[in-house]
2 protein chains.
Amino acid sequence: MSTNKQKVFHCPVEATLSLIGGKYKCIILYHLAERTLRFSELRHLIPQATAKMLTQQLRELQSAGIIHRKVYPIVPPKTEYSLTSYGETLSPIVKAMCAWGEEHLADRILPADKG
Amino acid sequence: MSTNKQKVFHCPVEATLSLIGGKYKCIILYHLAERTLRFSELRHLIPQATAKMLTQQLRELQSAGIIHRKVYPIVPPKTEYSLTSYGETLSPIVKAMCAWGEEHLADRILPADKG
DNA sequence: CTGAATCCCTTTGGATACTG
DNA sequence: CAGTATCCAAAGGGATTCAG
């Protein structure tokens, strides 16, 4: 169900946005940049995203080769998401967004839950 | 009609996205980073955005203090958009997105029109 | 636990026509 | 030229339920 239309872009920024422009994608990449995470951990870290949205965004990132999905065939189920090496090349962008947010909007950011 | 709800964010990236997460905002910032542009120039540079969308995104960027809108009271009308100094602090993000696109998706990016 | 599926409302966004 | 206004279709996205 991925959008495999080979679109042509009018500028480099638009091209990049075609991969990471989704509503929660950069946030997912931000958390995965730190470490591999399970689905439930991502849900906890991104509470404003419903399971449906989170799954959708994860699938799109996976289709783009940006993240890796590892399923453990156990009960109860366990799935781990991690950045691929390709996905890691996006880190400078996410880092820049993170740094800007911390510098300019720090007072509106809740402290991370160290649960 | 801007959303002035003082939302609280769960991570710095989300905070940043609240300002530049719009569909064409980063593309607008990319073009304005190079120079001041008129409305019609932006339309030409971002052909996939309709006038309505472009206006909307410009208004939101203006409300956030990221861009400046200068109207010349002449006939025919002339309006110029430029980055504020606050908006210029976002440049590292846009630059990173631009660099990534050029490096990884160069073959799908149309050459810029030098009109 | 990790999803998929459904329902349904909201938002986005394109086309078109019109104005100062 | 630089928008606004209106209409409408498509996509986004939340709540809930169900399944392996």
Side-chain angles (χ1 to χ4, degrees), chain A residues 1-5 7 9-10 14 17-28 31-32 35-64 67-82 115, chain B residues 1-5 7 9-10 14 17-28 31-32 35-64 67-82 115:
Chain A
M1 203 62 59
S2 59
T3 305
N4 275 339
K5 282 251 294 277
K7 264 204 58 179
F9 308 107
H10 299 88
E14 184 195 354
L17 282 175
S18 72
L19 295 183
I20 61 169
K23 187 164 188 179
Y24 303 114
K25 287 179 184 172
C26 282
I27 301 175
I28 291 170
H31 291 299
L32 289 184
R35 65 182 179 90
T36 294
L37 291 167
R38 298 183 58 170
F39 185 78
S40 56
E41 293 176 311
L42 281 168
R43 286 215 60 185
H44 185 71
L45 290 167
I46 316 176
Q48 71 273 30
T50 60
K52 172 185 164 183
M53 286 308 304
L54 194 51
T55 300
Q56 175 189 306
Q57 302 276 297
L58 286 167
R59 290 290 180 280
E60 292 178 11
L61 287 171
Q62 184 186 358
S63 294
I67 66 173
H68 176 69
R69 177 170 178 259
K70 179 169 186 181
V71 180
Y72 294 84
I74 60 174
V75 177
K78 172 177 173 177
T79 307
E80 285 184 345
Y81 293 92
S82 58
Chain B
M1 202 63 60
S2 59
T3 306
N4 275 339
K5 282 251 293 277
K7 263 203 57 176
F9 307 108
H10 300 87
E14 184 195 354
L17 282 175
S18 72
L19 295 183
I20 61 169
K23 187 164 188 178
Y24 303 114
K25 287 179 184 173
C26 282
I27 300 176
I28 291 170
H31 291 298
L32 289 184
R35 64 182 180 89
T36 294
L37 291 167
R38 299 182 58 169
F39 185 78
S40 57
E41 293 176 311
L42 282 168
R43 287 214 60 185
H44 185 71
L45 289 167
I46 315 175
Q48 71 273 30
T50 60
K52 173 185 163 184
M53 286 308 304
L54 194 51
T55 299
Q56 175 189 306
Q57 301 277 297
L58 287 167
R59 290 289 180 281
E60 291 178 11
L61 287 171
Q62 184 187 358
S63 293
I67 67 173
H68 177 69
R69 177 170 178 259
K70 179 170 187 181
V71 179
Y72 294 85
I74 60 174
V75 178
K78 172 177 173 177
T79 306
E80 285 183 346
Y81 293 93
S82 58

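The chains referred to below are lettered A, B, ... by the order of the sequence lines, with proteins before strands, and numbering in each begins at 1. Since we're looking at a predicted model, the values are computed, not measured. Basis for what follows: all heavy atoms, side chains included, without hydrogens, waters or symmetry-related copies.
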Q) Is it true that a side-chain atom of A:Glu41 and a backbone atom of A:Leu37 form a donor plus acceptor pair closer than 3.5 Å? A) no
So which protein N/O to nucleotides 1-3 of chain D N/O distances come out below 3.5 Å?
from: D:dC1; atom 1: O3'; to: B:Arg38; atom 2: NH2; distance (Å): 2.9
from: D:dC1; atom 1: O3'; to: B:Pro77; atom 2: O; distance (Å): 3.2
from: D:dA2; atom 1: OP1; to: B:Arg38; atom 2: NE; distance (Å): 2.9
from: D:dA2; atom 1: OP1; to: B:Arg38; atom 2: NH2; distance (Å): 3.0
from: D:dA2; atom 1: OP1; to: B:Thr79; atom 2: N; distance (Å): 3.4
from: D:dA2; atom 1: OP2; to: B:Ser40; atom 2: N; distance (Å): 2.9
from: D:dA2; atom 1: OP2; to: B:Ser40; atom 2: OG; distance (Å): 2.8
from: D:dA2; atom 1: O3'; to: B:Thr79; atom 2: OG1; distance (Å): 3.3
from: D:dG3; atom 1: OP1; to: B:Arg59; atom 2: NH2; distance (Å): 3.3
from: D:dG3; atom 1: OP1; to: B:Arg69; atom 2: NE; distance (Å): 3.3
from: D:dG3; atom 1: OP1; to: B:Arg69; atom 2: NH2; distance (Å): 2.4
from: D:dG3; atom 1: OP2; to: B:Tyr81; atom 2: OH; distance (Å): 2.7

Q) NZ of A:Lys70 versus C1' of C:dC1: gap in Å, rounded? A) 17 Å
Q) To the nearest Å, how far apart are A:Gln48 CD and D:dG14 P? A) 9 Å
(Q) Just the rounded figure in Å: distance from P of C:dA17 to NZ of B:Lys52. (A) 15 Å
**Q.** Side-chain heavy atoms of A:Gln48 within contact of A:Met53, under 4.5 Å
**A.** no
Q) Roughly, in whole Å, what's the span from CG in B:Leu54 to C1' in C:dG14? A) 14 Å
(Q) Less than 4.5 Å apart, side chain to side chain, heavy atoms only: is that true for A:Leu58 and A:Leu42? (A) yes
Q: Calculate the interatomic distance between B:Met53 atom CE and C:dT11 atom P; express it in whole Å.
A: 14 Å
Q. Any side-chain N or O of A:Lys23 under 4.0 Å from OP1/OP2 of D:dG13?
A. yes
Q: Indicate yes or no: at least one non-hydrogen side-chain atom of B:His10 is less than 4.5 angstrom from one of A:Leu45.
A: no
Q: Provide, to the nearest angstrom, the distance between the CD atom belonging to B:Gln56 and the P atom belonging to D:dA5.
A: 13 Å
(Q) Can you see if the side chain of B:Thr50 gets near the phosphate of C:dG13 - specifically, an N or O under 4.0 Å from OP1 or OP2? (A) no
Q | Atom pair CD1 (B:Ile27) and CD1 (B:Ile20), whose distance is rounded to the nearest 0.5 Å | A | 12.0 Å
Q: Quick one: pull up CD1 in A:Ile46 and NZ in A:Lys23 and give me the separation to the nearest 0.5 Å.
A: 12.5 Å
Q.
So, does B:Tyr24 get its side chain near the phosphate of C:dG14, meaning an N or O under 4.0 Å from OP1 or OP2?
A. yes
